[in-house]
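Structure record follows, encoded as structure tokens.
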Number of protein chains: 2
Amino acid sequence: MEATEIRQHFPTFEKELVDDIEEKSEVRSFTAGEQLMRTGQYFKSTMLIVEGLVKVYREDDQGNEFFMYYLQPGQACALSMVCAVKQETSQIMAKAVKDTEVISIPLAYMDEWMGKYKSWYHFVLETYRSRFEELLVTIDHIAFQAMDERLEFYLKKHVQTLGSKIIPISHQEIADELNSSREVISRLLKKMEQLGKVKLQRNSIEVIHLS
Amino acid sequence: MEATEIRQHFPTFEKELVDDIEEKSEVRSFTAGEQLMRTGQYFKSTMLIVEGLVKVYREDDQGNEFFMYYLQPGQACALSMVCAVKQETSQIMAKAVKDTEVISIPLAYMDEWMGKYKSWYHFVLETYRSRFEELLVTIDHIAFQAMDERLEFYLKKHVQTLGSKIIPISHQEIADELNSSREVISRLLKKMEQLGKVKLQRNSIEVIHLS
DNA sequence: GGAACAATGTGACAAAAGTCATAGACCAGG
DNA sequence: CCTGGTCTATGACTTTTGTCACATTGTTCC
């Protein structure tokens with residue numbers, strides 16, 4: 001990985017850290033749809049997203065999957081960090097939405113750099129903090145909000161993250177990720193269309209205006 | 001705080017760290033019912049629980065509160081750590097259930113020790129990890145389980161944490177913490193009583209046998 | 001074009017949870 | 001031992017969500 005590219009996505013990193021990353025890390029690529037991480041897997045490295053987009057899910061024993069948050073360039077997977085240190089597994093699944101490039105950093109360096117580079121230390125803690133906050137927001141939504149509000153939030157988030165008003169997704173997929181059923185989502189979307197909030201096409205939803 | 005007491009609750013801490021804590025930290029006491037942390041508050045220190053029991057809630061804008069997890073002696077508040085570093089606030093509320101004693105560690109040392117003491121570094125990361133996992137379990141429950149299962153889990157957790165089969169709590173309080181309504185909780189509890197799972201008294205629930 | 005399949009639309013119904021109204025049970029303080 | 005307040009019980013009803021059945025509409029591929 002070239003230093004300039006690293007610096008571009010991780011501008012807070014000091015020069016020596018960037019050099020260290022350049023030297024000791026490994027770049028890995030995933031094509032859209034591929035899994036970066038599977039339930040029950042052990043981590044030997046932590047991953048920083050350089051390019052692309054990753055969707056992180058929670059999976060329960062019965063195979064229900066539940067959308068938690070996106071990872072974008074400049075971000076890292078908090079769980080891979082946290083599990084790496086303790087050599088534990090986690091019920092997390094991550095999937096590349098677009099073709100994705102990550103920097104894979106061996107566990108040993110991740111530890112070493114915590115003491116060596118202030119910017120790395122802050123990056124790691126900030127990663128924990130922000131993912132923690134995301135989870136809290138997620139909890140708020142499931143706990144306090146009705147399906148229609150959650151659906152609107154879901155669409156909003158996707159528009160934001162994809163940088164496009166058109167979300168290429170089926171009703172069934174949304175239902176799975178919100179842990180609901182296709183019919184319910186279809187009904188709510190139809191209602192939203194009648195209110196002029198979205199425009200429905202086959203396999204995609206165009207967001208017009210959300211409150 | 002005496003070194004022996006610190007070592008008792010935090011056995012992994014190395015000697016020098018315990019000495020540092022003894023010297024630089026401050027003990028704070030809270031009586032049952034008192035708040036350790038309020039929504040929107042800034043942290044200037046992080047807190048390790050030495051004695052007692054603390055309940056941690058999530059609060060949303062409208063004042064709904066939602067029970068997340070307990071903190072027991074030997075544990076620390078992940079959020080106070082994470083927010084301390086970035087000097088940010090969080091929508092978290094913590095309340096002492098029993099009379100509680102905490103070690104309050106100024107932000108500056110918390111940072112310094114991360115590089116200095118391996119045991120502190122691991123303690124902090126382990127705190128993040130375990131709280132993160134707790135949140136994931138919480139999400140599983142809200143997302144995938146019906147009220148009756150969540151109620152059983154709630155009771156089970158309380159029995160475990162309180163170390164007593166008798167939980168001193170009203171139906172209304174449970175309803176608030178599970179974000180439901182009193183009638184629903186009363187009905188479910190009644191059903192559980194008929195199944196011989198619990199015994200209901202005024203202001204307390206005796207757990208007989210949970211699946 | 002037509003078969004096969006995936007995605008969506010829709011009505012009818014069931015189940016779970018929330019709301020409302022009301023009543024009884026229990027408790028503490030005067 | 002009354003009284004006001006809190007806690008619990010319960011029936012009736014509404015709303016939301018989930019489920020089932022089936023129709024319709026696109027899409028793909030021969």
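All values below come from the heavy atoms of this structure, side chains included, with hydrogens, waters and symmetry mates left out. Here is how names work: the chains are called A, B, and so on, in the same order as the sequence lines, proteins then strands, and each is numbered from 1.
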Base dT10(C) to side chain R187(A), donor-acceptor N/O within 3.5 Å cut-off | no

Is D148(B) touching bases, backbone alone, or none of the nucleic acid, heavy atoms closer than 4.0 Å?
-> nothing

Report the distance from atom CD1 of I185(A) to atom P of dA7(C), rounded to the nearest whole Å.
-> 15 Å

Basic-acidic side-chain contact under 4.0 Å: K157(A), E134(A) = yes

Counting side-chain heavy atoms from CB outward, which of dA9(D), dT17(D), dA6(C) is closest to V184(A)?
-> dT17(D)

Does NZ or CZ of R131(B) come closer than 6.0 Å to the centre of the six-membered ring of Y69(B), within 45° of the ring's axis?
-> yes

Take T12(B) and S119(B), measure what side chain to side chain donor-acceptor pair (under 3.5 Å) needs, and give me the verdict at the end.
-> CA-CA 6 Å; T12(B) 63; S119(B) 64; 5.4 Å; no

With a 4.0 Å cut-off on heavy atoms, is E193(A) in touch with a base, just the backbone sugar-phosphate, or nothing at all?
-> nothing

Rounded to whole Å, the CD1-P distance (I205(A) to dA7(C)) equals 13 Å

Closest to side chain of E183(B), choosing from dC26(C), dT19(D), dT19(C) = dT19(C)

For dA7(C), does either OP1 or OP2 sit under 4.0 Å from a side-chain N or O belonging to S186(A)?
-> no

Counting any heavy atom closer than 4.0 Å, what does S170(A) reach on the DNA or RNA strands: base, sugar-phosphate only, or nothing?
-> sugar-phosphate

Spacing of F144(A) atom CZ relative to dA17(C) atom P, expressed in whole Å | 17 Å

Atom CZ of R150(B) to atom C1' of dA16(C): distance rounded to whole Å?
-> 13 Å

What about Q172(B): does its side chain form a donor-acceptor pair under 3.5 Å with the base of dC7(D)?
-> no

Give, for atom CD1 of I185(A) and atom OG of S180(A), the distance between the pair rounded to the nearest 0.5 Å.
-> 4.0 Å

Any cation-pi pair here, K55(B) with F67(B), using under 6.0 Å and within 45°?
-> yes

Write down the distance between CD (Q194(A)) and P (dT10(C)), rounded to a whole number of angstrom.
-> 8 Å

Separation of atom CG in N203(B) from atom P in dC27(C), rounded to whole Å = 9 Å

d(CG, L189(A); P, dA7(C)) in whole Å = 15 Å

Rounded distance (Å) that lies between atom C1' of dC7(D) and atom NZ of K190(B) | 12 Å

Decide yes or no, distance alone: a donor-acceptor N/O pair under 3.5 angstrom between the base of dG9(C) and the side-chain of R182(A).
-> yes

Given that E173(A) and S181(B) both sit by DNA chain C, which one's nearest nucleotide is further toward the 5' end?
-> E173(A)

